[in-house]
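A, B, ... follow the sequence lines: proteins, then strands. Residue 1 opens every chain.
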2 protein chains.
Amino acid sequence: MKESINKSLEIKKVKPTAMRQLVLDILSKQEHAIGLPELEAQFAQADRTTLYRTLKTFVTKKVIHSIDDGTGTIKYAICKDTCQCNPNELHVHFYCTKCEKTTCLTDIAIPDVPLPQYYIAENINMVVKGLCDKCSKKN
Amino acid sequence: MKESINKSLEIKKVKPTAMRQLVLDILSKQEHAIGLPELEAQFAQADRTTLYRTLKTFVTKKVIHSIDDGTGTIKYAICKDTCQCNPNELHVHFYCTKCEKTTCLTDIAIPDVPLPQYYIAENINMVVKGLCDKCSKKN
DNA sequence: AAATACTTTGCAACTTAGTTGCACCAATAA
DNA sequence: TTATTGGTGCAACTAAGTTGCAAAGTATTT
């Protein structure tokens with residue numbers, strides 16, 4: 001476990017400090033994407049700034065990817081080891097309006113959209129909102 | 001012009017107060033989607049709260065739609081008179097990373113995506129980021 | 001027209017997320 | 001060891017959004 005985290009940091013060329021290992025460990029244990037406030041809540045005592053900067057480093061080094069799920073707070077989830085976050089590798093995200101969890105639908109690629117002339121796509125964000133599998137069954 | 005604004009408010013069943021007419025008039029003159037701070041900036045003197053609530057009313061009454069373009073501030077643009085904001089009526093939005101403007105690509109419908117079993121879609125947000133037509137030509 | 005109720009508006013104050021500057025500490029290189 | 005670099009933590013701040021409450025305006029009833 002700890003080995004895989006170190007490996008992940010090594011692959012993406014991020015110095016594996018204790019803080020970073022800890023943050024990545026927590027992120028790896030999440031079932032859903034979480035935001036900075038939620039990450040902060042998992043620590044008894046930790047500085048927001050450090051977590052903030054750790055996440056930022058992870059994003060630029062592509063250890064994790066950020067998700068704008070439309071709630072106003074950015075969520076984060078771990079990238080695959082091989083992920084380079086290119087447009088063709090992007091997947092759809094799902095935000096459940098009932099349990100308010102954001103899920104990576106890693107198997108669902110974002111479909112190509114035709115853009116008007118002279119528009120150049122660099123990145124695409126696609127979030128489907130509705131009820132997740134667990135919540136739709138409870139109704 | 002003023003007639004069409006009143007008509008729009010009437011259709012969507014919003015009482016046409018002076019403030020609302022003014023806000024809708026400003027929104028109708030925008031080439032791009034704008035946020036609350038930008039709307040506020042167009043007034044010499046106006047209260048943020050009132051504008052905030054006006055936008056909120058407009059969104060719930062479907063006079064305008066809100067766009068989460070990933071910048072952190074929600075943008076707004078006018079809906080068509082007939083728009084009911086159903087999933088099948090939704091269009092793609094484009095955020096230009098150079099001029100930082102958000103554009104409704106009203107002609108480009110959001111493609112259907114297959115969801116995993118038991119997931120129920122209520123709404124979809126799709127934002128393409130990159131260079132808009134004007135900015136891509138300038139390079 | 002007067003009295004009542006309802007809606008809209010404006011001020012002030014607050015919350016929340018994100019962000020920056022600066023000082024300190026740890027790890028590494030010269 | 002000293003110098004340099006990078007990471008961490010505190011404090012303070014910004015920006016956007018939000019709420020409570022009171023005043024003003026509009027509509028409705030008598």
Check B/Asp25 with B/Lys29, please: is the shortest side-chain N to carboxylate O separation under 4.0 Å?
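Looking at B/Lys29 and B/Asp25, the cut-off is met.
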In whole Å, what is the span from the CZ atom of A/Arg53 to the P atom of D/dT5?
18 Å
Any side-chain heavy atom of B/Ile67 sitting closer than 4.5 Å to one from B/Tyr76?
no
On DNA chain D, nearest-nucleotide positions of A/Thr49 versus A/Val14: which is more 5'?
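That would be A/Val14.
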Run the side chain to side chain donor-acceptor pair (under 3.5 Å) test against [X] and tell me which residues pass, sequence neighbours left out.
X	result
A/Thr17	none
A/Lys56	A/Tyr52
A/Thr102	A/Asp69

Under 3.5 Å donor-acceptor pairs involving side-chain atoms of residues 38-48 of chain A, not counting sequence neighbours:
unit_1  : atom_1 : unit_2  : atom_2 : d
A/Glu38 : OE1    : A/Gly35 : N      : 2.9
A/Asp47 : OD2    : A/Thr49 : N      : 3.2
A/Asp47 : OD2    : A/Thr49 : OG1    : 3.2
A/Asp47 : OD2    : A/Thr50 : N      : 3.4

Under-3.5 Å N/O pairs linking protein and nucleotides 25-28 of chain D:
none

DNA chain C contacts among residues 63-76 of chain A, heavy-atom distance under 4.0 Å
A/Thr73, A/Ile74
Using a cut-off of strictly less than 4.0 Å between a heavy atom of the residue and any atom of DNA chain C, enumerate the qualifying residues of residues 32-48 of chain B by number.
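DNA chain C contact set from residues 32-48 of chain B: B/Asp47, B/Arg48.
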Below 4.0 angstrom from OP1 or OP2 of D/dT18, is there any side-chain N or O of B/Tyr52?
yes
Side-chain donor-acceptor pair present, A/Lys75, A/Thr73, cut-off under 3.5 Å
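On atom types as modelled, these side chains qualify, holding a pair under 3.5 Å.
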Chain B contact limits on DNA chain C, taken 5' to 3' with a cut-off of 4.0 angstrom to heavy atoms:
C/dT7 to C/dA13
Donor-acceptor contacts, no H, no angles, side chain residues 109-132 of chain B, under 3.5 Å, sequence neighbours left out:
unit_1   : atom_1 : unit_2  : atom_2 : d
B/Glu122 : OE1    : A/Thr97 : OG1    : 3.3
B/Asn125 : ND2    : B/Asp68 : O      : 3.2

Scan A/Thr17 against the nucleic acid and name what it touches under 4.0 Å (heavy atoms): base, sugar-phosphate only, or nothing.
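If one applies the 4.0 Å heavy-atom cut-off, A/Thr17 turns out to touch the sugar-phosphate alone, with no base involved.
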Partner set under side chain to side chain contact (heavy atoms under 4.5 Å, CB included) for A/Leu27, not counting sequence neighbours:
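Expected list: A/Val23, A/Ile34, A/Leu55, A/Phe58, A/Ile64, A/Ile78.
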What residues form a side chain to side chain contact (heavy atoms under 4.5 Å, CB included) with B/Lys15, not counting sequence neighbours?
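Side chain to side chain contact (heavy atoms under 4.5 Å, CB included) check on B/Lys15 returns B/Arg20.
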Test of understanding: with ring-ring contact (aromatic ring centres under 6.0 Å, His included), list the residues that count as partners of B/His65, not counting sequence neighbours.
B/His91, B/His93
Would you confirm whether A/Gln30, through its side chain, and A/Ile26, through its main-chain N or O, come within 3.5 Å as a donor-acceptor pair?
yes
Using side-chain hydrogen bond (donor to acceptor under 3.5 Å, both in side chains), reason through A/Lys101 and A/Thr103 one step at a time and then give a plain yes or no.
CA-CA 6 Å; A/Lys101 302 281 185 193; A/Thr103 312; over 6 Å; no
